[in-house]
Peer 1: 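Have a look at this one.
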Amino acid sequence: MLDGMVDLVWSEVAPPSPRGNLRPAIRKTAVSAYQLLVRYPWAASLAISLGRAHPARLRYIEAILGKLRKAGFSTALAYHGYHAIDSHVVGFTMWYDGHAVGAGRRAKSERATALPFEPGEFPYLAEHTEEHRTGIGVGLTGTDEFTFVLDLILDGLDRARGNS
């Protein structure tokens, strides 16, 4: 039953278009997967923990690898590129969900005033925590944070492809 649920979720991910430029196609697929996994937060960890091949996930992987290879990526660079993209999709989703769950368990007033450490001992972490609390972090939402890092990955892949 769990396998069927995971496959159903992954079947909703928009695969990269076989036509058109690599970057917008991969970006659209990665954002689609991220948004879907945010809707079904249990699906990210379940997909990697079951250790079985799910047909929809296999099609997703094949589509990304195919898009990378057809765009001129070597086998090795497509390997690394896929892993960078997929680990960001799955990992960021799990990280984001973990923070959302943790934040939901504490009262808002407690989150706003109490730090689980001494700010003087961890000044940069205190500063970072304040950015989370106030939203100063460039006003990024979860999707904005996800795409910010995704664009860094895609920039790096573009550079690597140019150097290979």
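Residues: numbered from 1 along the sequence shown. The structure displayed is predicted, hence computed values, not measured ones.
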Peer 1: For the residue pair L77 and L68, establish whether any side-chain heavy-atom pair is separated by less than 4.5 Å.
Peer 2: no

Peer 1: Donor-acceptor pair, distance only, cut-off 3.5 Å: does the side chain of R27 make one with the backbone of V31?
Peer 2: no

Peer 1: Would you find a donor on one side and an acceptor on the other, under 3.5 Å apart, between the side chain of S32 and the backbone of A14?
Peer 2: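 It does hold such a pair.
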
Peer 1: Test of understanding: with salt bridge (Lys or Arg N to Asp or Glu O under 4.0 Å), list the residues that count as partners of D86, not counting sequence neighbours.
Peer 2: R57

Peer 1: Between E127 and P123, is any pair of side-chain heavy atoms under 4.5 Å apart?
Peer 2: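 A side-chain contact under 4.5 Å is absent here.
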
Peer 1: Is N21 atom CG crowded by more than 12 heavy atoms from other residues, nucleotides or ligands, each under 6.0 Å away?
Peer 2: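 For N21, atom CG is not crowded (no more than 12 foreign heavy atoms under 6.0 Å).
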
Peer 1: Which class fits the ring pair F92 and W95: parallel under 30°, tilted 30 to 60°, perpendicular over 60°?
Peer 2: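 It falls in the tilted class, 30° to 60°.
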
Peer 1: Distance check, rounded to the nearest 0.5 Å: S87 atom OG versus M94 atom CE?
Peer 2: 12.0 Å

Peer 1: Nearest 0.5 Å, what's the CG-OG1 distance between L125 and T129?
Peer 2: 4.0 Å

Peer 1: Would the distance check show the side chain of K67 and the main-chain N or O of L22 forming a donor-acceptor pair, the cut-off being under 3.5 Å?
Peer 2: no

Peer 1: Locate the shortest heavy-atom distance separating V89 from A33; write the atom from each residue and the value.
Peer 2: CG1-CB, 3.6 Å

Peer 1: Classify the angle between the aromatic ring planes of F146 and Y34 as parallel (below 30°), tilted (30 to 60°) or perpendicular (above 60°).
Peer 2: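 Rings of F146 and Y34: parallel, as their planes differ by under 30°.
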
Peer 1: Would you say L157 and Y79 are hydrophobically clustered, going by side-chain heavy atoms of ILVMFWY under 4.5 Å?
Peer 2: no

Peer 1: Treat each ILVMFWY residue as a node, draw an edge where side-chain heavy atoms are under 4.5 Å apart, and state whether L58 and V90 are in one component.
Peer 2: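 The answer is no; the residues belong to distinct hydrophobic clusters.
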
Peer 1: Can a donor-acceptor pair be found, under 3.5 Å and without considering hydrogens, that links the side chain of R161 to the backbone of A71?
Peer 2: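 A pair under 3.5 Å: yes.
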
Peer 1: Centroid separation under 6.0 Å, is that true for the rings of Y124 and H128?
Peer 2: no

Peer 1: Find the distance between CZ (R59) and CG (D7) and round it off to the nearest 0.5 Å.
Peer 2: 6.0 Å

Peer 1: Under the ring-ring contact (aromatic ring centres under 6.0 Å, His included) rule, collect the residues that match up with Y60, sequence neighbours excluded.
Peer 2: W10

Peer 1: Sub-3.5 Å donor-acceptor pair from the side chain of T29 to the main-chain atoms of I26, do we have one?
Peer 2: no

Peer 1: Please report the C-alpha distance between H80 and F73 in whole Å, then the side-chain angles of each, then the deciding distance to 0.1 Å, and finally whether the side chain to side chain contact (heavy atoms under 4.5 Å, CB included) criterion is met.
Peer 2: CA-CA 10 Å; H80 294 300; F73 283 74; over 6 Å; no

Peer 1: Any idea which heavy atoms bring L150 and A30 closest together, and the distance?
Peer 2: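 What the structure gives for the nearest pair is CD2-CB, 3.7 Å.
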
Peer 1: Side-chain contact test, heavy atoms from C-beta onward, threshold under 4.5 Å: evaluate it for Y40 versus E12 and give yes or no.
Peer 2: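 They are in side-chain contact.
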
Peer 1: Kindly give the heavy-atom pair with the smallest separation between A56 and S11, and that separation in Å.
Peer 2: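 Nearest heavy atoms, A56 then S11: CB-N, 3.4 Å.
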
Peer 1: Is it the case that one hydrophobic cluster holds both I61 and L8, taking links as side-chain heavy atoms less than 4.5 Å apart, direct or via other members?
Peer 2: no

Peer 1: Nearest heavy-atom pair of D144 and T147: which atoms, and what distance?
Peer 2: O-OG1, 3.2 Å

Peer 1: Are I153 and F148 in one and the same hydrophobic cluster, where Ile, Leu, Val, Met, Phe, Trp and Tyr link if side-chain heavy atoms are under 4.5 Å apart?
Peer 2: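 Same hydrophobic cluster.
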
Peer 1: What's the spacing between H88 NE2 and L152 CG if we round to 0.5 Å?
Peer 2: 8.5 Å

